[in-house]
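Beneath this line is the structure, given in structure tokens, with notes to follow.
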Amino acid sequence: MAVLRYSFHSIVLNRRSLLLAAFGVIAAPAAFAREAAPSLMLADVYRPGMSLHDYWVSEKYDGVRGYWDGKQLWTRGGERIVAPAWFTAPLPKQPLDGELWVGRGQFARAVSTVRSQTPNDIAWREMHFMVFDLPAQGGDFTTRLAVLRKLLPITDAPWVVAVPQERATTHAALQALLDKTVKMGGEGLMLHRGSSQYRGERNSDLLKVKPYEDAEARVVEHVPGKGKHSGRLGALVVETADGKRFKLGTGLTDAERENPPAVGSWVTYRYNGTTAKGLPRFARFMRVREG
């Protein structure tokens, strides 16, 4: 640990702190103060063989989760999003749940735009608010979807889009749609149970469908690099919510190795199944968890 700490940590401390603060990972100045996180519905993972009865399917947009409370935009973690006035002025008083999305494969640009406390007007002109639910609307999802389709689009706000939804049918059709979406640069699909009420928790009424599995874990240690990574991060030691620890040594860019996610922060990783001990196979770092 000492080798890593003194080889590059002290040199990049200020730059790294600013970067991580901007991504909402560490405690930040008052301008970045958090409110109580909104109670949002979170997705479980779809696995082949699960019933598709009564589910709607849509694309999974690789952006930043955005919650409009009727007056202000918030991240999933409760951070205030400073968007230009023209972006939010046409939004309804009704709460909206969606994704702030620039385009396929543009996650980093979406994060950079959303996290800036001085909104970049040009960057926000490329942003879309992909709305997929109405948290305060009564009724099941199918009922809420009908209301959403009447609410959007808004003539004066073409950047606010109701996420296209279609009925799921068979696993084969779902797989074909997933393959098509991924080939076009999409991240995956979402399944939303038609009979579900909006519940601010992770549950199987909302499922994510991806060509790989992903999960989140907390960084507990930095492992010094060797060889070409000498003097910077070699791997992250992470711990899952149920206490399992393992290393994430692949998927990290050179910039992330020089400015690694802080100990205590949460990261998202992808993997392909688990071992007999329940550890993820071929675990690969994806990103610092947004919000």
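None of these values were measured; they are calculated from a predicted model.
- Distance check, rounded to the nearest 0.5 Å: CD of E258 to CG of L233 gives 10.5 Å.
- Geometrically, R287 engages F107 in a cation-pi contact defined by less than 6.0 Å to the ring centre and at most 45° from the axis.
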Query - F285 vs E256, side-chain contact (heavy atoms from CB on, under 4.5 Å): CA-CA, chis, key distance, verdict - result: CA-CA 10 Å; F285 175 83; E256 288 162 340; 3.5 Å; yes
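- For R125 and W86, the positive end sits near the middle of the six-membered ring, less than 6.0 Å away and at most 45° from its axis.
- V238 places none of its side-chain heavy atoms less than 4.5 Å from the side chain of V220.
- Grouping the Ile, Leu, Val, Met, Phe, Trp and Tyr side chains by contacts below 4.5 angstrom, directly or via other members, places V147 with L96.
- Judged by distance alone, with hydrogens and angles left aside, the side-chain atoms of S265 form a donor-acceptor pair with the main-chain N or O of A262 at under 3.5 Å.
- Under a 4.5 Å side-chain heavy-atom criterion applied to ILVMFWY residues, the cluster that includes M286 comprises Y212 as well.
- In this structure a side-chain-to-backbone donor-acceptor pair under 3.5 Å is missing from R284 to R270.
- Grouped by direct or indirect side-chain proximity (heavy atoms under 4.5 Å, Ile/Leu/Val/Met/Phe/Trp/Tyr only), Y46 sits with M50, L52, Y55, V57, L174, L177, L178, V182, L189, L191, L207, V209.
- Ion pairing between a basic and an acidic side chain is recognised when a charged N comes within 4.0 Å of a carboxylate O; D242 and K244 show such pairing.
- Of the residues K208, K210, R104, the one that meets the salt bridge (charged side-chain N to carboxylate O under 4.0 Å, His left out) test with E187 is K210.
- Panel note: side chain R281, backbone T274; a donor-acceptor pair is recorded below 3.5 Å.
- Grouped with V163 in one hydrophobic cluster are Y61, W101, M130, F132, V161, the linkage being side-chain heavy-atom contacts under 4.5 Å among Ile, Leu, Val, Met, Phe, Trp and Tyr residues.
- A salt bridge between D97 and R76 is absent, with no side-chain N of the basic residue lying under 4.0 Å from a carboxylate O of the acidic one.
- Contact of the M41 side chain with the F141 side chain is not registered, since no non-hydrogen atoms from C-beta on lie closer than 4.5 Å.
- Of the possible donor and acceptor atoms, one in the side chain of W68 sits under 3.5 Å from a partner among the backbone N and O of P92.
- E79 has its side chain within reach of R115: a pair of non-hydrogen atoms, C-beta onward, lies under 4.5 Å apart.
- F282 and Y269 are members of different hydrophobic clusters when ILVMFWY side chains are connected at heavy-atom separations under 4.5 Å.
- No donor-acceptor pair under 3.5 Å is formed between the side chain of S230 and the backbone N or O of G227.
- When each of D205, D54, T142, D140 is checked for a side chain to side chain donor-acceptor pair (under 3.5 Å) with S195, only D54 meets the rule.
- For the pair R144 and D133, the salt-bridge criterion is met [side-chain N within less than 4.0 Å of a carboxylate O].
- In this structure, NZ on K247 lies 13.0 Å from CG on L279, to the nearest 0.5 angstrom.
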